Visitor: 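To start, I am sharing the structure in question, which I have written as structure tokens.
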Amino acid sequence: MDETVAEFIKRTILKIPMNELTTILKAWDFLSENQLQTVNFRQRKESVVQHLIHLCEEKRASLNDAALLDIICEDVDLFDMKQFKNSFKKILQRALKNVTVSFRETEENAIWIRIAWGTQYTKPNQYKPTYVVYYPQTPYAFKSSSTLRRNTPLLGQALTIASKHHQIVKMDLRSRYLDSLKAIVFKQYNQTFETHNSTTPLQERSLGLDINMDSRIIHENKVEKERVQRITQETFGDYSQPQLEFAQYKLETKFKSDLNGSILAEREEPLRCLIKFSSPHLLEALKSLAPAGIADAPLSPLLTCIPNKRKNYFKIRDK
């Protein structure tokens, strides 16, 4: 690691208060959890800094890595909870006058916001509030469904300005389960959700074979089922999935035919259709399709990409 980079990282770490150091280093995500566990954060700060610099040298930190740490520190320094609340409330009140905003901080470093909407001439409707969960120092917020969709742009504007982010990310992702949404957005679903069957080797799991079958058929079935199990595990992992209730696909395509004079082929407007998959636990249902013999393995990427793309609303058009 270059001496300039080492000095830059050292000065950046020295600026960070000790009570925030672990949080910022985890947000930086350059040093692994195992590496951070080797650091004694109870000793003098100079000793902690020297240990951290040594770890950075082992991983050959670059100038880009050091710059990212500096950016994260700036984000932390710029965020002020009191200022966020005051700014958020003022923006809504200036626009609508009659609006009630309540805040609640949680142990998970999240801010729960309750908004009862009114207008210039009507009092806030306390029976139909909007709930928002915002995670400081991130561009993500989770909003409950609301009948007052006209207020959504104003809500987004208030969050963007109050959080001092360039934008609050809009994602085509919906679910009734906040923990699942959070796990997908922050890509924590392979850590926060409990695993199942992880201690049972694949060869020991029941493959549902009939002992009265011909031995050659049993062998072929066993090989195929093991292949399906392997592909399913590679695709979905060996842990339970975040809970979503549906996935929706809007298709827009033009009819293609080699026949001349076809009415559909001459149609200028594209053909549109809507396909919706629904289940109390959609991702687990999709995960079980191939092992149950209902679908071939691997499944279509349009079905398996939901957690990685962090969306369950898709628009598909012809290229």
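None of these values were measured; they are calculated from a predicted model.
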Visitor: Give a yes or no on whether a salt bridge exists between R230 and E226, defined as a side-chain N under 4.0 angstrom from a carboxylate O.
Guide: no

Visitor: Give the intermediate values and the outcome of side-chain contact (heavy atoms from CB on, under 4.5 Å) for residues T304 and L286.
Guide: CA-CA 8 Å; T304 59; L286 293 175; over 6 Å; no

Visitor: Is the Y134 ring parallel, tilted or perpendicular to the F84 ring (thresholds 30°, 60°)?
Guide: parallel

Visitor: Run the ring-centre check on Y249 versus F314 and record whether the distance is less than 6.0 Å.
Guide: yes

Visitor: Just do the side-chain contact (heavy atoms from CB on, under 4.5 Å) check on F30 and L68 with the steps written out, would you?
Guide: CA-CA 9 Å; F30 177 73; L68 179 58; over 6 Å; no

Visitor: Which pairs of donor and acceptor atoms, one on a side chain in residues 88-100, lie under 3.5 Å apart (sequence neighbours left out)?
Guide:
{"from": "N98", "atom 1": "ND2", "to": "T119", "atom 2": "O", "distance (Å)": "2.9"}
{"from": "N98", "atom 1": "ND2", "to": "T122", "atom 2": "O", "distance (Å)": "3.2"}
{"from": "T100", "atom 1": "OG1", "to": "Q126", "atom 2": "NE2", "distance (Å)": "3.2"}

Visitor: For residues Q243 and R176, determine if any side-chain heavy atom of one lies less than 4.5 Å from a side-chain heavy atom of the other.
Guide: no

Visitor: To the closest 0.5 Å, what do you measure between CG (L69) and CZ (F8)?
Guide: 8.0 Å

Visitor: Count the heavy atoms of every other residue, nucleotide or ligand shown that sit under 6.0 Å from CZ of R227, and state whether that count exceeds 12.
Guide: yes

Visitor: Atom CG of L14 and atom NZ of K45: how far apart are they, to the nearest 0.5 Å?
Guide: 6.0 Å

Visitor: Please answer whether the main-chain N or O of R174 pairs with a side-chain N or O of N312 as donor and acceptor at a distance below 3.5 Å.
Guide: yes

Visitor: Got a donor-acceptor contact below 3.5 angstrom from the W28 side chain to the A66 backbone?
Guide: no

Visitor: Side-chain contact test, heavy atoms from C-beta onward, threshold under 4.5 Å: evaluate it for L251 versus I275 and give yes or no.
Guide: yes

Visitor: So do T38 and H51 actually touch side chain to side chain, heavy atoms under 4.5 Å?
Guide: yes

Visitor: Report the residue from S175, S278, S180 that forms a side chain to side chain donor-acceptor pair (under 3.5 Å) with E245.
Guide: S175

Visitor: Do F236 and I294 land in one hydrophobic cluster if side-chain heavy atoms of ILVMFWY residues count as linked below 4.5 Å?
Guide: yes

Visitor: Would a distance-only check, ignoring hydrogens and angles, find a side-chain to backbone donor-acceptor pair under 3.5 Å from K287 to Q233?
Guide: no

Visitor: Less than 4.5 Å apart, any side-chain heavy atom of Y313 and any of L173?
Guide: no

Visitor: Look up atom OH in Y140 and atom CG in L181, then write down how far apart they are to the nearest 0.5 Å.
Guide: 13.0 Å

Visitor: Say whether, by atom type as modelled, one donor and one acceptor occur between the side chain of T235 and the main chain of I231 under 3.5 angstrom.
Guide: yes

Visitor: Can you check whether W112's main-chain N or O pairs, donor with acceptor, with R104's side chain at less than 3.5 Å?
Guide: no

Visitor: Determine whether E105 and K85 satisfy the following criterion, salt bridge (Lys or Arg N to Asp or Glu O under 4.0 Å), listing intermediate values before the conclusion.
Guide: CA-CA 11 Å; E105 297 174 37; K85 292 178 180 179; 2.9 Å; yes

